[in-house]
Chemist: 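Here's a structure for you.
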Amino acid sequence: MKGRIHVAGAGVISAIGNSVSETFESLRHERMGIGPITLFDSVHKGVLPVGEVKHTNERLSDHLKVKTVTRTALLGINAAREAVKSSGLDLKRWRTGLISATTVGGMDLTENFFHDFLSNSRHGKLRDVIHHACGQSTELIADDLGINGFVSTINTACSSSVNAIMLGSRMIDQGMLDVVVAGGTDALTKFTINGFNSLMILDKNLCRPFDANRNGLNLGEGAGFVVLVSDKVKQAEGLKIDCFVAGFANTNDAFHQTASSPEGRGSYGAMQQTLDMSGLKVEDIDYINLHGTGTQNNDLSEGTAVKRLFGDKCPRLSSTKAFTGHTLGASGGIEAVFSVLAIREQCVFPNLRFETAIPEVGITPQLVFENNLSVKHVMSNSFGFGGNCSSVVFSKSDF
Amino acid sequence: MALYIKGMGNISPQKTWGEESLFKPVGYNEDRLKCIEPEYSQWIDPRQLRRMSRVIKMGVAAGSMALKDAGITVPQGIITGTGYGCLDDTGIFLTKLVENKEQALNPTPFIQSTHNTIGSQIALLLQCQDYNQTYAHDAFSFESALLDAMLQLNETPERKILIGGVDEITEASHAIQKRFGIFNKSENSLQLFNRPSEGILNGEGSAFFVLSGEKSETDKVSVEALTTFYKPDEESLVKGIQDFLKASSLKSEDIDLILLGKSGDQKSDEKVDRISSSLFSSNAIGYFKQLCGEYPTASAFALWLGARIIQEQTIPDGIVSKKVNKPLKNILIYNQYFGTHHSLILLHACH
Amino acid sequence: MDQLINNLKKQIVESLNLKHIKPEEIGDDQPLFEGGLGLDSIDALELIVLLQQTYNIKIANPQDGPEIFKSVKSIAAFIKTHQPA
């Protein structure tokens with residue numbers, strides 16, 4: 001890249017906190033946020049554990065002082081506002097873009113509409129479907145932040161928000177934008193809970209990523225955004241920067257629609273190419289925030305790829321989905337914020353509920369929260385359905 | 001930088017595949033324009049076809065057409081744009097969810113409902129492990145895909161990247177949109193712009209392109225520049241268009257044809273009507289939504305149409321009201337969507 | 001048993017949308033996965049749904065799938081021993 005893509009701000013909301021500081025406290029004290037479904041009625045209530053943000057829509061819109069709209073947008077506005085505030089930037093001074101990501105969009109309201117619509121096509125409240133499309137949530141966030149430059153939305157399933165960070169970085173690098181708010185948001189919906197349940201990859205107990213006896217994932221929700229800026233903006237605004245985007249890559253596993261290849265060729269390629277772009281070697285990585293959903297397939301495939309790439313130079317690694325659940329399209333954005341935190345606080349986060357290593361892979365992740373470490377380069381992985389594999393590396397500014 | 005169009009494929013409400021020359025426009029007498037579809041088994045193995053919904057077949061087939069046109073089997077990147085995503089499977093899964101009260105649900109429609117299914121299916125069929133991206137931002141979905149291709153090819157111009165814009169109409173989506181009262185009562189779509197009216201014609205389509213940053217002797221059309229305007233006021237729109245042309249060292253009189261994305265709805269078309277009158281009063285202006293209808297990725301249809309016009313140096317009937325005599329070297333696609341999303345794509349004849 | 005096997009073949013073709021195959025073309029003992037008919041993990045999940053919706057048999061663990069769904073005959077045998085009265 002021509003210059004550096006600096007991370008000037010971060011914002012996050014998930015089952016473990018409504019802000020970066022709350023989130024860090026939960027991570028530090030190893031407090032996970034997965035529990036029973038409370039947000040809506042479902043036959044799965046009391047059966048499937050989920051990672052809910054601990055606020056209703058009414059509470060969120062009260063707090064944000066916005067109309068109650070799709071939960072995906074409310075979560076996104078919450079995190080994006082925090083990210084922008086923490087950057088201290090006046091977005092109107094610069095060519096600013098918003099690149100968000102989501103898989104469910106306004107489905108939380110659409111599924112209510114559909115229930116009535118099915119019985120009679122004249123039934124169902126139209127205002128419930130106005131913001132159905134993915135782009136609509138993004139525009140609610142853009143309008144809230146006052147961004148009317150470049151706006152776009154990515155949907156590549158669970159790798160979506162890392163791809164948003166990628167596009168944002170490219171646009172800054174090629175001089176098209178100065179500032180990009182990039183990340184993603186997804187709300188819990190009956191649609192996704194039932195969808196994943198039909199695939200039989202949900203754990204009825206708390207998920208155990210990377211464990212030999214793992215039994216599936218727990219769904220979560222939330223939003224995570226970073227504010228990316230160019231060298232010019234950093235200098236002009238006199239910003240104090242913790243880290244920058246060192247490299248990234250996007251590959252496709254091209255093996256199966258929902259399953260990853262046994263050798264993890266897509267994830268291997270994404271990690272390898274990210275290292276190449278960053279100009280780093282495997283031994284330079286201090287911490288990997290794994291995709292680590294807790295499914296039989298992902299963890300074996302990802303673990304195999306990590307082992308193949310890092311060999312005996314495997315750094316500390318963990319899946320924070322044991323804290324938050326799998327937040328789908330938001331996971332890349334949320335975990336990007338965790339990566340930034342790891343560099344800022346010079347720490348690594350634990351992989352909760354791990355007991356036994358996957359025999360074919362033999363990787364033991366980080367078991368406890370640990371700080372006072374030297375954390376210079378952090379890799380974050382996000383792999384989705386459709387074989388979409390993305391990785392990103394954040395590096396400490398003065399490494 | 002310029003992107004050279006190596007190949008194209010288009011499935012639309014017009015006969016846009018399977019013929020050598022430009023099509024003869026087809027008219028519709030209802031509020032929706034449905035695609036004229038090929039026999040998909042000639043493009044897709046029946047064993048893969050079985051799971052694919054209509055929109056995925058449209059995407060895979062048009063993508064295959066573009067690759068065949070470009071003379072390549074596997075691209076070095078696949079980027080798709082879709083505003084609505086895979087509506088049919090979304091509807092099927094939602095319906096079963098309600099009917100079966102969340103029990104015993106078939107996984108196939110859920111898996112097929114995600115927006116990235118189109119791009120992923122193409123990658124799977126071709127075993128393409130390269131860059132794979134899906135944009136799902138309403139009327140900027142295709143523009144975002146095109147922009148991403150530009151950024152990628154700026155870095156590695158020798159690559160050949162497949163990009164496309166796809167959207168479908170389903171019974172449910174049409175019924176819901178109808179309740180919003182947005183459809184036109186036109187009795188002949190080809191006469192949509194004959195007199196002022198209200199409402200749009202619902203459209204759908206799948207247009208794919210193979211693009212490269214490297215020019216070859218046989219290339220006829222290049223994409224020179226692209227920009228988008230989100231909820232712009234008229235003043236910034238006018239300035240934006242002027243700046244766009246200036247950046248390509250062009251004046252408005254250098255544009256041989258403007259393909260204007262008027263929708264047929266008088267109210268949303270107001271802005272583009274005023275702007276085209278003031279900035280392009282002496283230019284030849286043509287319309288395209290009487291051919292494809294209105295949908296988030298209609299600009300992909302417009303790109304195909306503009307490229308075909310440059311290739312053949314002929315404008316099909318019913319697009320412009322006055323005959324255009326000069327050589328068609330620069331075509332500007334100026335699209336808008338319900339007055340809030342505006343985009344410009346500049347095409348240039350290579351020779 | 002024959003009736004069940006014939007019905008199963010029709011149901012499999014329909015629920016897996018195997019338009020290119022006629023039910024009678026599927027052999028009783030023909031492997032359904034791994035080569036054979038070339039079905040995959042998504043098809044296995046669909047067969048689990050078929051068993052639940054049509055025969056009222058719930059398979060809780062998808063890992064049991066490969067053994068049960070080896071062939072039409074093995075599915076029929078499983079149904080006969082597990083179908084609720």
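Chain naming here is simple, since letters A, B, ... match the order of the sequence lines and numbering starts at 1 in each.
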Chemist: Do A/Phe40 and A/Asp108 have side-chain heavy atoms sitting under 4.5 Å apart?
Modeler: no
Chemist: I need the residue from B/Gln152, B/Glu102, B/Arg51 with the largest number of non-hydrogen atom pairs under 4.5 Å to chain A.
Modeler: B/Glu102
Chemist: Non-hydrogen atoms of chain B under 4.5 Å away: do they reach the side chain of A/Asn388, the backbone, both or neither?
Modeler: side chain
Chemist: With a 4.5 angstrom heavy-atom cut-off, which part of A/Ser160 approaches chain B: side chain, backbone, both or neither?
Modeler: neither
Chemist: Select one option (side chain, backbone, both, neither) describing which atoms of B/Ala172 are under 4.5 Å from chain A's heavy atoms.
Modeler: both
Chemist: When rounded to the nearest 0.5 angstrom, what distance separates OG in A/Ser391 from CZ in A/Phe248?
Modeler: 12.0 Å
Chemist: Ignoring hydrogens and geometry, is there a side-chain-to-backbone donor-acceptor pair from A/Asn252 to A/Gly386 under 3.5 Å?
Modeler: yes
Chemist: Between B/Leu97 and chain A, with a heavy-atom cut-off of 4.5 Å, which part of the residue counts as in contact: side chain, backbone, both or neither?
Modeler: side chain
Chemist: Regarding A/Thr70 and A/His131, do their side chains bring together a donor and an acceptor under 3.5 Å, going by distance alone?
Modeler: no
Chemist: With a 4.5 angstrom heavy-atom cut-off, could you sort out which part of B/Leu125 is near chain A: side chain, backbone, both or neither?
Modeler: neither
Chemist: Among the options B/Gln103, B/His137, B/His115, pick out the one with the most heavy-atom pairs lying under 4.5 Å from chain A.
Modeler: B/His137
Chemist: I'd like to know which of B/Asp148, B/Thr134, B/Leu126 tops the heavy-atom pair count under 4.5 Å against chain A.
Modeler: B/Thr134
Chemist: Below 4.5 Å, heavy-atom pairs only: which of B/Gln129, B/Lys231, B/Lys101 has the largest tally toward chain A?
Modeler: B/Gln129
Chemist: Check for me whether the distance between the ring centres of B/Phe93 and A/Phe114 falls short of 6.0 Å.
Modeler: no
Chemist: Please flag which part of A/Ile147 lies under 4.5 Å from any non-hydrogen atom of chain B: side chain, backbone, both or neither.
Modeler: backbone
Chemist: Of the backbone (N, CA, C, O) and the side chain (C-beta and beyond), which part of B/Glu143 lies under 4.5 Å from a heavy atom of chain A, both, or neither?
Modeler: neither
Chemist: Answer with side chain, backbone, both or neither: which region of B/Phe110 has an atom nearer than 4.5 Å to a non-hydrogen atom of chain A?
Modeler: side chain
Chemist: Given the options A/Val151, A/Thr251, A/Asn148, A/Ile99, which has more heavy-atom pairs under 4.5 Å with chain B than any of the others?
Modeler: A/Val151
Chemist: Among B/Thr90, B/Thr228, B/Thr114, who wins on heavy-atom pairs under 4.5 Å with chain A?
Modeler: B/Thr90
Chemist: Measuring from atom CD of B/Gln336 to atom CD of B/Glu294, what distance do you get when rounded to the nearest 0.5 angstrom?
Modeler: 6.5 Å
Chemist: Check whether A/Ser121 gets within reach of chain B through its side chain, its backbone, both or neither, counting any heavy atom under 4.5 Å.
Modeler: backbone
Chemist: Heavy-atom distance under 4.5 Å to chain B: side chain of A/Gln273, backbone, both or neither?
Modeler: neither
Chemist: Which of these, A/Val104, A/Leu109, A/Thr110, sits in a side chain to side chain contact (heavy atoms under 4.5 Å, CB included) with A/Thr189?
Modeler: A/Val104
Chemist: For chain B, which of A/Gln257, A/Met166, A/Met171, A/His115 has the most heavy-atom pairs under 4.5 Å?
Modeler: A/Gln257
Chemist: Is it true that a side-chain atom of A/Asn155 and a backbone atom of A/Ala157 form a donor plus acceptor pair closer than 3.5 Å?
Modeler: yes
Chemist: Apply ring pair (Phe, Tyr, Trp, His ring centres under 6.0 Å) to residues B/Phe140 and B/Tyr337 and explain how you reach the verdict.
Modeler: CA-CA 9 Å; B/Phe140 290 157; B/Tyr337 187 76; 9.2 Å; no
Chemist: B/Phe180 versus chain A, heavy atoms under 4.5 Å apart: side chain, backbone, both or neither?
Modeler: both
Chemist: Looking at A/Gly269, A/Ser152, A/Cys134, A/Ala133, which one has more heavy-atom pairs under 4.5 Å with chain B than the rest?
Modeler: A/Ser152
Chemist: Run the side chain to side chain donor-acceptor pair (under 3.5 Å) test on A/Ser260 and A/Asp253 for me, step by step, so that the C-alpha distance in whole Å, both residues' side-chain angles and the decisive distance to 0.1 Å come before the verdict.
Modeler: CA-CA 7 Å; A/Ser260 306; A/Asp253 198 41; 4.6 Å; no
Chemist: For A/Asn297 and A/Ala259, indicate whether the former's side chain and the latter's backbone hold a donor-acceptor pair under 3.5 Å.
Modeler: no
Chemist: What is the distance from atom SG of B/Cys128 to atom CD1 of B/Ile122, rounded to the nearest 0.5 Å?
Modeler: 9.5 Å
Chemist: Which heavy atom of A/Thr138 sits nearest a heavy atom of A/Leu98, and at what distance?
Modeler: O-CD2, 3.3 Å
Chemist: Tell me, for A/Gln174 versus chain B, whether the close heavy atoms (under 4.5 Å) come from the side chain, the backbone, both or neither.
Modeler: side chain
Chemist: Which of the residues A/Leu199, A/Thr153, A/Ile154 is involved in the greatest number of heavy-atom pairs with chain B at under 4.5 angstrom?
Modeler: A/Thr153
Chemist: Please rank A/Phe385, A/Phe150, A/Phe191, A/Phe255 by heavy-atom pairs under 4.5 Å with chain B and give me the top one.
Modeler: A/Phe191
Chemist: Pick whichever of B/Lys96, B/Lys178, B/Gln112, B/Gln133 has the most heavy-atom pairs under 4.5 Å with chain A.
Modeler: B/Gln133
Chemist: Give the member of A/Met107, A/His44, A/Arg122 that has the highest number of heavy-atom pairs under 4.5 Å with chain B.
Modeler: A/Arg122
Chemist: Under a 3.5 Å cutoff, is there a donor and acceptor pairing between the side chains of B/Tyr135 and A/Asn163?
Modeler: no
